[in-house]
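Reminder, nothing fancy here: chain letters follow the sequence lines and each chain counts from 1. Quantities reported herein were computed from a predicted structural model and do not represent experimental measurements.
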2 protein chains.
Amino acid sequence: MARKTGSHGNITGPKVQAAALHLIARHGFAAVSMRQIAHEVGVQAGALYRYTPDKQTLLFDLMRGHMDALLTARAAVARDDSGAVAPLIRLDEFVRFHIRFHLERPDAVFVSYMELRNLTPENFAALEAQRSDYENQLEVILRSGVAAGEFGLADTKITTLAIIAMLTGLTTWYREDGRLPLMQIEQIYTGLVRGAVSVS
Amino acid sequence: MARKTGSHGNITGPKVQAAALHLIARHGFAAVSMRQIAHEVGVQAGALYRYTPDKQTLLFDLMRGHMDALLTARAAVARDDSGAVAPLIRLDEFVRFHIRFHLERPDAVFVSYMELRNLTPENFAALEAQRSDYENQLEVILRSGVAAGEFGLADTKITTLAIIAMLTGLTTWYREDGRLPLMQIEQIYTGLVRGAVSVS
DNA sequence: GTCTATATTGAGATAGAC
DNA sequence: GTCTATCTCAATATAGAC
């Protein structure tokens, strides 16, 4: 029952992250000032430094948080696929997972892709390792499909990158109140991906 | 024979554009200062304002120049397709054109995609119109293929965006000295696209 | 056509009061 | 835990000499 009034640390921290993510997604990391972020949170600029040592770390924490969430969520889905699930089913599953996860957090996706340039080399390398880990999970599916003779692919590595680019591109134009409901969009994309990997 | 020594206007102008494109692609528009651009050109910052009224216009000119070049180059290719060329052939042609054009100018592609946020609303609208024009050319091909019964597509609009995202994604990882030669990469991508639009 | 110098503004980050 | 105040530095853009 301790820790009552006057202690906002557990609420301001997340608000700083949310405000930073929101503003950086819209204007870019370099274009957003600590003062702007503070204003959106409702505090003065100096107060932000209780929650991050500097602006660069704030950016990295956002991006690392996004990649951690991606890999964790993916692991929860992929866990059920141990063993006898057919490659085509696992491919559909991956496509749906990728679309859902990315459409649910467009700001984080945008920032994680656009602001890689603004990371220090070490921070960049850490995120690249996570991204590579994720991509590799799709490539494993493609390879198993090729091995089973169910997929017809010229190159699993390039096809992996091509599919992920295609799926992630969805985030640049998708609107919740758009022409088609999400489930139908998912079906269209699974169809496109199935076609791309089919034996011709 | 007039206009000799002391007149560098016709050379410094392009150098400013080239330096700006190069630096903005690497660090982002907001992160690059006019001083940095001037330094790369080999002049002082004040001199840049002989070639652009302000930083915003410099960015817009780069992006508009890229889109103009894209539409002009595309028109030169598409001109030969009046009439009896089969949809599948025109689709292959579009894929190869898109890949070649984009891989030849990675900096301009990167800037034109990443810095849309930093444009004024009017400048943004002007570029969006051009982008829409380009995308529409692919959609026309897809529609003609559907009409001829040669393509099996759930939705030409979404498929257009999906294909373009897939192709443009190539620019993020392609290296001239990479594992595969460009011609082979083009073949892989035409194969992927053919599969995606094929009747299943 | 480019320079130097400068006006003006705002950035990231820190110190110390409360 | 947040505030005010401030240090230090660098940004865009302009003016006027050469």
Side-chain angles (χ1 to χ4, degrees), chain A residues 1-63 111 115 117-120 123, chain B residues 1-63 111 115 117-120 123:
Chain A
M1 283 303 186
R3 204 166 199 273
K4 289 291 273 294
T5 52
S7 173
H8 298 163
N10 45 358
I11 173 68
T12 302
K15 275 169 81 176
V16 170
Q17 299 250 337
L21 185 64
H22 180 249
L23 287 169
I24 293 171
R26 264 153 200 75
H27 308 293
F29 175 70
V32 171
S33 69
M34 295 299 269
R35 283 169 174 78
Q36 281 178 274
I37 296 170
H39 180 77
E40 178 134 326
V41 172
V43 296
Q44 292 300 313
L48 295 181
Y49 291 86
R50 292 272 141 193
Y51 304 97
T52 183
D54 51 38
K55 199 186 173 194
Q56 162 74 207
T57 304
L58 178 56
L59 174 64
F60 177 61
D61 286 344
L62 290 175
M63 296 171 75
V111 169
E115 306 297 351
R117 305 177 286 194
N118 288 303
L119 294 174
T120 61
N123 287 348
Chain B
M1 283 300 187
R3 205 167 199 272
K4 290 290 271 298
T5 54
S7 175
H8 297 163
N10 44 356
I11 174 68
T12 302
K15 276 169 80 175
V16 170
Q17 298 249 337
L21 186 64
H22 179 249
L23 287 169
I24 293 171
R26 264 150 200 76
H27 308 294
F29 176 70
V32 171
S33 69
M34 295 298 269
R35 281 170 173 78
Q36 280 176 273
I37 296 170
H39 180 77
E40 178 133 328
V41 172
V43 297
Q44 293 299 313
L48 295 182
Y49 292 86
R50 292 275 143 192
Y51 304 97
T52 181
D54 51 39
K55 201 186 171 194
Q56 161 74 206
T57 304
L58 177 56
L59 174 64
F60 176 63
D61 286 344
L62 290 176
M63 296 172 76
V111 169
E115 307 296 352
R117 306 176 284 192
N118 288 302
L119 293 174
T120 62
N123 287 347

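- Side-chain atoms of B:L59 and B:V111, non-hydrogen and from C-beta on, do get closer than 4.5 Å to each other.
- Remark: side-chain polar atoms of B:Q56 are paired, donor with acceptor, to backbone N or O of B:T120 under 3.5 angstrom.
- The closest side-chain heavy-atom distance from A:V16 to A:L58 is below 4.5 Å.
- A donor and an acceptor atom never sit less than 3.5 Å apart when one is taken from the side chain of A:R35 and the other from the base of C:dG10.
- Atoms CD (B:Q56) and C1' (D:dA13) sit 15 Å apart, rounded to a whole Å.
- Atom CD1 in B:I37 sits roughly 17 Å away from atom P in D:dA10 (whole-Å rounding).
- B:Q36 places a side-chain N or O within donor-acceptor distance of the main-chain N or O of B:S33, the cut-off being under 3.5 Å.
- Distance A:K55 NZ to C:dA13 P: 8 Å, rounded to the nearest Å.
- Rounded to whole angstrom, the span from the NZ atom of B:K15 across to the C1' atom of C:dG1 amounts to 13 Å.
- Residue pairs satisfying the salt bridge (charged side-chain N to carboxylate O under 4.0 Å, His left out) criterion with at least one member in residues 49-59 of chain A, sequence neighbours excluded, are absent.
- The stretch residues 42-50 of chain B touches DNA chain C through B:V43, B:Q44, B:A47, B:R50, each having a heavy atom within less than 4.0 Å of the strand.
- At C:dA11, one or more side-chain N or O atoms of A:S33 fall inside 4.0 Å of OP1 or OP2 (strictly under the cut-off).
- Under the 4.5 Å side-chain criterion, counting only non-hydrogen atoms from C-beta, B:L62 is in contact with B:I24.
- Among the protein residues, A:V41 comes within range of no part of the nucleic acid, since none of its heavy atoms lies under 4.0 Å from any strand.
- Between the P atom of D:dC3 and the CE atom of A:M34 lies a distance of 14 Å, rounded to the nearest Å.
- In this structure, A:L58 atom CG and C:dA13 atom P are separated by 10 Å, rounded to whole Å.
- Rounded to an integer number of Å, the gap from NE2 of B:H27 to C1' of D:dA11 is 16 Å.
- Atom CD1 in B:I11 sits about 16 Å away from atom C1' in C:dT2, given to the nearest Å.
- The side chain of B:T12 places an N or O atom within less than 4.0 Å of a non-bridging phosphate oxygen (OP1 or OP2) of C:dT2.
- In this structure, B:F60 CZ and B:N123 CG are separated by 4.0 Å, a value rounded to the nearest 0.5 Å.
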